[in-house]
Student: 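Below you'll find the structure I mean.
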Amino acid sequence: MATGRAHFGPVTIAWTDAAASAPRSAHVLGRLGEQQMRKYAALSGDAATRFLAGRSLLADLIEELTDVADLGFTTTCERCGADHGRPRLERAPVEVSLSYAGSVIAVAAARQTDAAAVGVDIEREPSEGPLVPLRDLERLFAPAEAPDTQGWTLIEAALKADGRGVTVDLAQVKVGEIGTGRLRGSRAVRIPSRDSVDAGVDAGVDAGVDAGAIAGPSGFVLSAAMVPAAGERHPA
């Protein structure tokens, strides 16, 4: 499992194992922007290897979607200015997302003409399987039942696409059954305080985020999510 790819509607998902992949040149970071070059320079060892592998994989996807040379990749928080915000491109019309599980990195990208936002989440599959409730999350979801690993990746991916992450009331997040989303075969994830304007869809349209389980690398649970661009419908 060095690398792999999958699709969720117009979203391309890719993954790699930084510990098993061939080293990449740091030259690619120049295209992502000075912030990423500075971050990489401050890292060492496995952290540096993982950072470079993930950014390189994401750059590969972005290159397929746009010919913009200076992408302006950033993780600066849009609310407080700290370096913990959702990943985004300031100068290219592409939506992106990243997730890490040890040395394994998953990334997602889509053109803004197709998606107003995307999200991806990968987790190592527990020894007891992906459908056993995660007891360590009970406090976060109370009084609702804690999700299993598959459900948690769906929620995490949807929250990344939403942009607010786990700052929302997780007990109010609801994952629908397969087929309830706007994208065929997807699941609608309802997130508190999300309306049609925030979701980037037409007024009167349900503003849930579309999410779906992805057949990813062996031993891991992978999900992707997206918010369709305004006026876009993706039935397949």
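Below, each value reflects all heavy atoms present in this structure, side chains not excepted, and no hydrogens, waters or symmetry copies. For the single chain, residues carry numbers from 1 onward in sequence order. A quick note: this is a predicted structure, and the numbers were derived from the prediction, not measured.
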Student: According to a 4.5 Å side-chain heavy-atom criterion applied to Ile, Leu, Val, Met, Phe, Trp and Tyr, with indirect links allowed, do V189 and V227 form part of one hydrophobic cluster?
Tutor: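 Yes; tracing contacts between hydrophobic side chains, which count when under 4.5 Å, links both residues.
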
Student: Within a reach of under 6.0 Å around CD of E145, are more than 12 heavy atoms found that belong to other residues, nucleotides or ligands?
Tutor: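 Atom CD in E145 is not crowded, with 12 or fewer foreign heavy atoms closer than 6.0 Å.
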
Student: Ignoring hydrogens and angles, tell me if any N or O in the side chain of R187 forms a donor-acceptor pair with the backbone of G176 under 3.5 Å.
Tutor: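 Looks like yes, one N/O pair under 3.5 Å.
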
Student: A26 and L52: which non-hydrogen atoms are nearest, and at how many Å?
Tutor: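 For A26 versus L52, the nearest heavy atoms are CA-CD1, 3.8 Å.
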
Student: Taking all atoms of both residues into account, what is the closest heavy-atom pair of R111 and L65, and its distance?
Tutor: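 Closest approach of R111 to L65: NE-O, 3.4 Å.
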
Student: To the nearest 0.5 Å, what is the distance between OG1 on T149 and CD1 on I122?
Tutor: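 Here the interatomic distance stands at 12.5 Å.
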
Student: When you compare the side chain of T66 with that of P93, does any pair of heavy atoms fall below 4.5 Å?
Tutor: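 They are in side-chain contact.
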
Student: Treat each ILVMFWY residue as a node, draw an edge where side-chain heavy atoms are under 4.5 Å apart, and state whether L137 and V132 are in one component.
Tutor: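 No.
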
Student: Which pairs, with at least one residue in residues 22-32 and sequence neighbours excluded, count as a salt bridge (charged side-chain N to carboxylate O under 4.0 Å, His left out)?
Tutor: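 As it turns out, the salt bridge (charged side-chain N to carboxylate O under 4.0 Å, His left out) pairs with a partner in residues 22-32, which skip direct neighbours, are R24-D60.
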
Student: When you group the ILVMFWY residues by side-chain heavy-atom contacts below 4.5 Å and let the links chain together, are L134 and L140 in the same group?
Tutor: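 Linked, L140 and L134 end up in one cluster.
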
Student: Examine distances only and state if a side-chain atom of S103 and a backbone atom of D17 form a donor-acceptor pair shorter than 3.5 Å.
Tutor: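 Looks like no, no N/O pair under 3.5 Å.
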
Student: Answer yes if V94 and F73 sit in the same cluster of Ile, Leu, Val, Met, Phe, Trp and Tyr residues linked by side chain heavy atoms under 4.5 Å apart, and no otherwise.
Tutor: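 V94 clusters together with F73.
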
Student: Can you list everything that forms a side chain to side chain contact (heavy atoms under 4.5 Å, CB included) with S186? Sequence neighbours excluded, please.
Tutor: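 For S186, the residues satisfying side chain to side chain contact (heavy atoms under 4.5 Å, CB included) (neighbours in sequence not counted) are F8, L183, D210.
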
Student: Looking only at atom types and distance, does a side-chain atom of T153 sit under 3.5 Å from a main-chain N or O of D121, one as donor and one as acceptor?
Tutor: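 A pair under 3.5 Å: no.
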
Student: Would you check, one step at a time, whether the test side chain to side chain contact (heavy atoms under 4.5 Å, CB included) holds for V118 with I13?
Tutor: CA-CA 10 Å; V118 301; I13 302 100; over 6 Å; no

Student: I want to check a possible cation-pi pair here: R55 against Y40, using under 6.0 Å from ring centre and within 45° of the ring axis as the test.
Tutor: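 No, a cation-pi geometry is absent between R55 and Y40.
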
Student: Exactly one of L222, V96, I105, V11 should register a side-chain contact (heavy atoms from CB on, under 4.5 Å) with V120. Which one does?
Tutor: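 Running side-chain contact (heavy atoms from CB on, under 4.5 Å) over L222, V96, I105, V11 with V120 returns exactly one hit, L222.
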
Student: What pairs meet the salt bridge (charged side-chain N to carboxylate O under 4.0 Å, His left out) rule with one or both residues in residues 34-47, with sequence neighbours excluded?
Tutor: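 Sorted pair list: E34-R38, K39-D83.
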
Student: Considering only residues two or more places apart or on different chains, which pairs with a residue in residues 127-137 satisfy side chain to side chain donor-acceptor pair (under 3.5 Å)?
Tutor: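 Matches after skipping sequence neighbours: R135-E138.
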
Student: Any non-hydrogen side-chain atom of E125 less than 4.5 Å from a side-chain atom of F220?
Tutor: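 Answer no - side chains too far apart.
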
Student: Are there over 12 heavy-atom neighbours, none belonging to E64, within less than 6.0 Å of that residue's CD?
Tutor: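 More than 12 heavy atoms, drawn from other residues, nucleotides or ligands, come within 6.0 Å of this atom.
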
Student: Got a sec, which residues hit side-chain hydrogen bond (donor to acceptor under 3.5 Å, both in side chains) with Q35, two or more places apart in sequence or on another chain?
Tutor: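 Q35: side-chain hydrogen bond (donor to acceptor under 3.5 Å, both in side chains) contacts with T74, T76.
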
Student: For D148 and P130, which heavy atoms make the closest approach, and how far apart are they?
Tutor: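 It is CB-O, 3.2 Å.
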
Student: What pair of heavy atoms forms the shortest contact from T49 to A18, and how long is it?
Tutor: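 Taking T49 first and A18 second, the nearest heavy atoms are CG2-O, 3.8 Å.
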
Student: Please tell me whether L98 and V104 are part of a single hydrophobic cluster in this structure, the criterion being side-chain heavy atoms less than 4.5 Å apart.
Tutor: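 No, L98 does not connect to V104 through the hydrophobic network.
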
Student: Kindly give the heavy-atom pair with the smallest separation between A144 and A171, and that separation in Å.
Tutor: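 Minimum heavy-atom contact is CB-O, 3.9 Å.
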
Student: Determine the minimum heavy-atom distance between P192 and Q172, stating which atoms define it.
Tutor: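 So the minimum-distance heavy-atom pair works out to CG-CB, 3.2 Å.
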
Student: Mind checking whether P10 and M226 have side chains closer than 4.5 Å, heavy atoms only?
Tutor: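 Sidechains of M226 and P10: in contact.
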
Student: Could you check if a side-chain atom of L29 sits within less than 4.5 angstrom of a side-chain atom of F51, using non-hydrogen atoms only?
Tutor: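 Counting from C-beta outward, L29 and F51 do come under 4.5 Å.
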
Student: Without hydrogens or angle criteria, can the side chains of S223 and Q150 be said to hold a donor-acceptor pair below 3.5 Å?
Tutor: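 There is such a pair (donor and acceptor under 3.5 Å, judged by atom type) between the side chains of S223 and Q150.
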
Student: Give, for atom CZ of R88 and atom CG of L71, the distance between the pair rounded to the nearest 0.5 Å.
Tutor: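 Here the interatomic distance stands at 13.5 Å.
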
Student: Any donor-acceptor pair under 3.5 Å linking the side chain of R86 with the backbone of S97?
Tutor: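 Looks like no, no N/O pair under 3.5 Å.
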
Student: Under the rule for side chain to side chain contact (heavy atoms under 4.5 Å, CB included), what residues qualify as partners of A14, not counting sequence neighbours?
Tutor: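 If we apply the side chain to side chain contact (heavy atoms under 4.5 Å, CB included) test to A14, skipping adjacent residues, the hits are R5, L57, L61, V107.
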
Student: K160 side chain to P87 main-chain N or O, any donor-acceptor pair under 3.5 Å?
Tutor: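 It does not hold such a pair.
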
